Structure formats: C-alpha cells, structure tokens
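We're numbering straight along the sequence, starting at 1. Since the model is a prediction, treat every value here as computed from it, not as a measurement.
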Amino acid sequence: MAPTFDDGNSLFDFVVKDGNGVKGLVDSGITKVPERFIQPPSERIEKVVQSSKDHFASVPIDLSKLDGPDHDQVVEAIVRAAETLGFFQVINHGVSFDLLESLKNAAQRFFAQPADAKAVYLKRVSPSPFVKYGTSFAPEQEKALEWKDFVSMVYTNDGDAQQHWPKVCKEEALEYLKLSSKMVRRLLEILIGNLGVTLDDSRLESLIGNKIVNMNFYPICPNPELTIGVGRHSDMSILTVLLQDNVGGLYVKLEEDILDGRKEEWMEIPPIPGALVINAGDSLQILSNGRYKSAEHGVRTTSKKSRISIPVFNLPRPTEKIGPLPHVAEVDGGAVYREVMFQEYMSNHVGHAHEGKKSLDFVKVKAN
C-alpha cells in the first residue's frame with residue numbers, strides 16, 4: 001500500500017530531505033502525481049512540433065569529416081545550428097558506442113541503489129563538496145517540484161574523482177568526461193573562429209575548464225501531462241554535451257525568429273543511437289554578443305518507461321571573466337551584455353528556480 005502524506009511538508013521531507021527522491025515515491029506505489037509536483041499549465045511543454053527529416057536536430061553532424069573534403073560544410077552546419085536552434089547532434093565524436101552503453105548502465109546502477117546508499121551524497125552530508133545527490137533543481141525555491149533525481153559530480157582532478165565520486169559509476173563518468181572534452185575544445189575553436197577571433201590555448205581552457213558530470217533519472221510518471229522532468233531553462237555553460245537513452249523526452253523551445261509569428265512551440269531532440277547532443281549555453285551567448293543562441297529547453301515525463309540522461313557541462317572557471325568578445329562587440333556596434341566574473345553569474349543562476357532564459361537578464365546591458 002502506498003504511503004500517505006498528511007501534508008506537503010511530509011512529502012517534501014520524504015522526497016527531498018530524506019533522499020528518497022522521486023524514485024522512492026514511485027517505488028512506494030503511488031498511483032497519481034502528488035499535488036506538490038503538479039505544474040501550472042504555463043510551465044508544461046505542450047505545443048510540440050515535429051522536426052523535419054533534414055533538420056540538424058534529427059540529422060547528426062559527422063565530426064569525422066572535419067579536416068576532410070567536407071570540412072567547410074561541417075563547420076557551416078555547426079555554426080548554423082549554434083546561431084539558430086542552439087542544439088545539434090554529433091556522431092563520430094571520439095566516444096565509443098560501448099562506453100556510451102556502459103555509461104547508461106552505470107547511471108542505472110547508481111539510481112537502482114537503496115535510498116540510504118544514495119542519501120550519503122545529499123548536500124548537507126556528502127563526503128565531498130564536489131558530489132551532490134538530490135532531486136529537482138532548486139526544491140526550496142520551486143512552487144512545483146520537477147520529476148527528476150540526479151547525482152552531480154564536479155571534476156577537479158583525477159585523484160579527487162577516484163576518491164569521492166560514487167564507486168558504481170565513477171570510472172565510466174570520468175572516461176566520458178575526458179573523451180568528450182577533446183570534442184568540446186574542437187567545437188569551441190570552430191565557433192570562436194567563425195566570429196573572426198583567435199584565442200590562445202590558456203583562454204580557451206579557462207572558458208571550458210570547469211567541468212561537471214550529471215546523471216539524471218526520470219522515473220515513470222503516472223500523470224505525465226501534469227508534470228515536467230526539467231523545467232524550461234538554459235544552461236550556464238559554454239557548451240553542454242548530453243547522452244540520452246532511447247526513451248526520448250528532451251525538447252527545445254523554438255526561438256521567436258524561427259517561429260515566424262507563431263506562438264510558443266517546442267521541438268523534440270530525438271534519440272539517435274551513438275549520437276551525442278550538443279547545446280550552446282548562456283556563457284557562449286554572452287561571449288558571442290548574442291550571435292549564438294543559448295537554447296531554452298526542458299524534459300517531458302512519460303508513463304511508459306523511466307529515462308536516463310547524462311550531461312557534461314563545460315563551463316568557464318569560476319574566476320574567469322565572461323563578456324562579449326571585444327572584436328565582436330565592436331563589429332556589432334556595442335556590447336549586449338556586461339562583463340561579469342563567472343562565479344557571480346553562476347551564483348545568480350543556481351539561486352533561482354528554472355525560469356527559461358531569465359538568468360541572462362542578470363548581465364544584459366540596460367538601454368538608456
């Protein structure tokens with residue numbers, strides 16, 4: 001028999017504070033979504049359109065063709081995606097299919113553990129400030145909780161990762177981070193080069209030198225039409241690399257200039273075996289003075305099967321200053337964003353519930 005929660009506080013304590021998560025709620029036998037998880041209609045991902053068969057959301061870019069006869073076409077596809085949708089998928093990216101499968105299995109192993117084994121990584125008790133297990137994004141600030149559990153692992157060095165990351169998934173997560181980082185560096189060089197700018201190695205590394213691996217688990221939901229797995233948001237990163245399983249549920253909000261006067265629409269980023277999803281983050285939009293689009297996206301839940309996704313966030317180092325590249329701002333006739341230390345931007349971003357791309361308002365240059 002499913003447990004009954006006398007009030008919202010007992011539910012919050014069970015799911016959030018005690019570390020049972022949404023999975024614990026589902027495992028308890030609930031048959032309907034508790035009120036604390038019901039999203040207002042404005043926050044649900046409802047107006048969904050299909051991506052066309054030739055769209056770069058559903059046709060992956062083959063990175064093995066870089067430096068070959070099709071180099072210019074590949075670069076053009078990467079740039080076009082970053083300038084419009086903010087999302088694209090890549091194959092032949094340097095991370096083997098076997099590792100991707102092992103990574104998904106490792107994530108399943110972590111979330112299959114008893115609640116007390118995962119709860120040792122709750123923020124207030126975790127043995128490392130760089131490993132955190134939790135649920136939703138900012139549960140204390142959210143009016144409605146997200147239908148998601150996660151473990152987040154910040155990379156500082158190999159020794160710390162080996163010592164503190166969860167044993168059941170650390171080897172796969174670490175290898176995934178290292179191999180995908182090579183691809184991210186190459187993509188960033190391409191995108192910066194397209195802006196007519198050359199950055200030295202140390203600056204490039206500083207822009208993506210802060211790396212976080214998340215493993216996300218979206219349990220089966222009895223009323224998926226009432227919930228969201230992740231609310232509408234953009235990432236803080238320069239670039240995010242995402243592995244998703246075959247369940248689907250990742251949606252990107254189409255920018256107004258794509259919609260051509262139509263109202264809000266969302267498009268699925270369909271699962272492609274062996275592909276990785278790349279999306280631009282706020283830091284890249286700021287750096288490019290708005291030329292590249294930080295993609296607003298979210299996750300829908302499903303009643304059919306639980307879902308796994310594993311992003312690597314490639315962020316500027318906390319002490320790195322981010323602002324429009326001077327050459328780009330000059331060509332554009334002025335900076336759209338002010339310069340800010342990334343730590344300041346990050347603190348503002350994580351201190352609020354998911355609110356689309358409102359986090360960028362923090363650095364927008366106000367019109368006189």
Side-chain angles (χ1 to χ4, degrees), residues 39-49 57 80-88 136-138 141-144 146 148 191 207 212 214 216 228-242 250-269 277-300 309 311 313-316 322-325 328-329 332 335-367:
Q39 297 286 336
S42 61
E43 293 304 313
R44 300 173 199 169
I45 301 172
E46 294 185 325
K47 182 68 166 140
V48 173
V49 297
R80 186 164 59 96
E83 289 177 338
T84 53
L85 191 65
F87 263 89
F88 56 99
S136 211
F137 178 70
Q141 281 83 41
E142 292 164 345
K143 293 177 182 177
E146 298 173 342
K148 177 193 79 169
L191 291 167
L207 288 171
I212 304 172
N214 274 22
N216 300 323
I228 49 171
V230 177
R232 53 182 73 211
H233 71 287
S234 54
D235 295 342
M236 297 180 288
S237 58
I238 290 284
L239 290 169
T240 299
V241 178
L242 176 80
L250 172 63
Y251 287 80
V252 59
K253 183 182 174 184
L254 301 182
E255 290 271 343
E256 291 179 7
D257 54 349
I258 296 176
L259 288 176
D260 218 15
R262 301 192 309 276
K263 291 188 176 179
E264 176 180 295
E265 290 181 357
W266 294 81
M267 186 173 70
E268 185 173 16
I269 307 298
V277 180
I278 310 294
N279 69 271
D282 291 352
S283 295
L284 185 62
Q285 179 162 332
I286 294 166
L287 208 68
S288 69
N289 207 35
R291 294 195 196 181
Y292 298 136
K293 306 300 183 185
S294 171
E296 184 174 336
H297 55 289
V299 173
R300 299 173 88 190
S309 72
F313 302 103
N314 297 271
L315 310 122
I322 56 168
L325 295 164
V328 181
D332 291 348
V336 178
Y337 306 101
R338 64 185 176 89
E339 187 177 71
V340 65
M341 193 174 289
F342 183 68
Q343 177 65 62
E344 189 182 348
Y345 188 82
M346 184 163 53
S347 297
N348 178 73
H349 186 100
V350 301
H352 298 83
H354 282 146
E355 295 181 299
K357 292 180 66 169
K358 284 187 179 178
S359 52
L360 277 165
D361 292 344
F362 180 64
V363 292
K364 272 187 179 172
V365 174
K366 304 294 187 286

Exercise for the section: Anything under 30° is parallel, anything over 60° is perpendicular, the rest tilted; go ahead and classify His297 against His233. Expected result: tilted

Problem - Residue of the set Val365, Asn289, Val328, Leu360 for which side chain to side chain contact (heavy atoms under 4.5 Å, CB included) holds with Val336 - result: Asn289

Exercise for the section: Drop me the distance from Asp235's CG to Lys357's NZ, to the nearest 0.5 angstrom. Expected result: 11.0 Å

Practice task
Evaluate the side-chain proximity of Glu43 to Lys143: yes if any heavy-atom separation is below 4.5 Å, no if none is.
Solution key: no

Practice task
Please tell me if the side chains of Leu287 and Pro324 come closer than 4.5 Å, counting only heavy atoms from C-beta onward.
Solution key: no

Completion exercise
Taking every heavy atom of Gly229 against every heavy atom of Glu146, the minimum-distance pair comes out as O-CB, 3.3 Å

Practice task
Using a 4.5 Å cut-off on heavy atoms from C-beta on, say whether the side chain of Met236 contacts that of Phe313.
Solution key: no

Problem - Side-chain heavy-atom pair Ser283, Leu207 within 4.5 angstrom cut-off - result: no

Handout entry: Heavy-atom check, side chain of Phe87 versus side chain of Val277, under 4.5 Å
Key = yes

Exercise for the section: Side-chain contact test, heavy atoms from C-beta onward, threshold under 4.5 Å: evaluate it for Val299 versus Ile228 and give yes or no. Expected result: no

Practice task
To the nearest 0.5 Å, tell me how far Ile278 CD1 sits from Ile269 CD1.
Solution key: 11.5 Å

Practice task
Pick out which of Glu46, Arg300, Lys253 makes a side chain to side chain contact (heavy atoms under 4.5 Å, CB included) with Trp266.
Solution key: Lys253

Fill in the blank from the handout: dist Lys293:NZ -> Ser288:OG (nearest 0.5 Å) comes out at 8.0 Å

Problem - 4.5 Å side-chain heavy-atom contact, Ile322 and Tyr337 - result: no

Practice task
Report the relative orientation of the aromatic rings in Phe362 and Tyr345; use parallel for angles under 30°, tilted for 30 to 60°, perpendicular for over 60°.
Solution key: tilted

Completion exercise
Taken to the nearest 0.5 Å, the spacing of Asn279 CG from Ser237 OG works out to 6.0 Å

Completion exercise
Hits for side chain to side chain donor-acceptor pair (under 3.5 Å) against Arg44, two or more places apart or cross-chain, chain-then-number order -> none

Fill in the blank from the handout: Minimal heavy-atom distance between Asn348 and Ser359, with the atoms involved, is ND2-O, 4.1 Å

Handout entry: Tyr292 and Gln285, any side-chain heavy atoms less than 4.5 Å apart
Key = no

Practice task
Can you measure from CZ (Arg291) to CG (Leu284) and round to the nearest 0.5 angstrom?
Solution key: 12.0 Å

Handout entry: Closest contact, heavy atoms only, Val363 versus Val340
Key = CG1-CG1, 3.6 Å

Problem - Test side chain to side chain donor-acceptor pair (under 3.5 Å) applied to Ser294 - qualifying residues, sequence neighbours left out - result: Asp282

Exercise for the section: Supply the atom-to-atom distance Leu242 CG to Asn216 CG, rounded to the nearest 0.5 angstrom. Expected result: 8.0 Å

